[in-house]
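Below is one structure, written out as structure tokens; comments come after it.
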Amino acid sequence: MFNRCYAYGADVRVGFENNHYDNQGAIAPNNATLVSQLVETASALNIERMTAERLKYHLTSTGS
């Protein structure tokens, strides 16, 4: 599912509030597992992750 979302340029949320299953279909032991798997998938697809600082900049930037 992550791959498909990334391919379409969608924002991806991850965590127990959204899903309890890991990328193998097993119940994930914790939230960190889900986040780690998402980071690994993004890296494998050469997708740059946005840091919190960069997101804040983009949200507050006027584009100038």
Side-chain angles (χ1 to χ4, degrees):
M1 179 66 101
F2 294 141
N3 297 6
R4 219 178 274 169
C5 291
Y6 279 137
Y8 289 108
D11 293 330
V12 178
R13 291 181 51 128
V14 65
F16 276 170
E17 68 274 8
N18 301 309
N19 178 34
H20 287 101
Y21 295 93
D22 67 12
N23 61 6
Q24 301 298 314
I27 294 178
N30 54 45
N31 216 30
T33 299
L34 299 176
V35 173
S36 294
Q37 289 177 349
L38 180 61
V39 169
E40 288 175 19
T41 300
S43 294
L45 295 172
N46 292 323
I47 296 171
E48 183 181 351
R49 297 182 317 265
M50 186 176 286
T51 64
E53 292 81 16
R54 186 168 164 215
L55 176 61
K56 287 176 190 174
Y57 172 79
H58 282 283
L59 291 174
T60 59
S61 175
T62 61
S64 52

Pair listing, ring-ring contact (aromatic ring centres under 6.0 Å, His included) test, anchored in residues 20-56, at least two apart: F16-H20
Nearest 0.5 Å please: distance from the CG atom of N19 over to the CD1 atom of I27. 10.0 Å
Of all the heavy-atom pairs spanning D22 and Q37, show the shortest one and how long it is. CB-OE1, 3.2 Å
